[in-house]
Amino acid sequence: MKAEIAMWKEFITVYTTALAEAEKYGDVGGIEWNKHMIHFYTEKIDEAEKLSA
């Protein structure tokens, strides 16, 4: 489970970088997608950490 959590945290890093790029260019669809994916993986991490506690 720790490996999955680390992978999901890396995904959040990627989506955060992509979000900044989307905001820079005013890409509304990209902004929404990246925010959604950051939220999605944050929830997955929270659930996994609760289960492993």
Q: Nearest 0.5 Å please: distance from the NZ atom of Lys2 over to the CD atom of Glu49.
A: 11.0 Å
Q.
I need the minimum non-hydrogen distance between Ala22 and Gly30, along with the two atoms involved.
A. CB-C, 3.8 Å
Q: On the 0 to 90° scale, with breaks at 30° and 60°, tag the Tyr15-Trp33 ring pair as parallel, tilted or perpendicular.
A: perpendicular
(Q) Quick check on the hydrophobic clustering: are Ile12 and Met1 connected, directly or via other members, by side-chain heavy-atom contacts under 4.5 Å? (A) yes
Q. Roughly how far apart are Glu10 CD and Tyr41 OH, rounded to 0.5 Å?
A. 12.0 Å
Q.
Rounded at 0.5 Å granularity, tell me how far CD in Glu23 sits from NZ in Lys35.
A. 6.0 Å
Q.
Test of understanding: clusters of I, L, V, M, F, W, Y form through side-chain heavy atoms closer than 4.5 Å, transitively. Do Leu51 and Ile45 belong to the same one?
A. no
(Q) According to a hydrophobic-cluster definition based on side-chain heavy atoms being under 4.5 Å apart (Ile, Leu, Val, Met, Phe, Trp, Tyr only), do Phe40 and Ile31 belong together? (A) yes
Q | Over 12 foreign heavy atoms within 6.0 Å of NE2, His36 | A | yes
Q: Enter the distance from Thr16:OG1 to Met37:CE here, rounded to the nearest 0.5 Å.
A: 11.5 Å
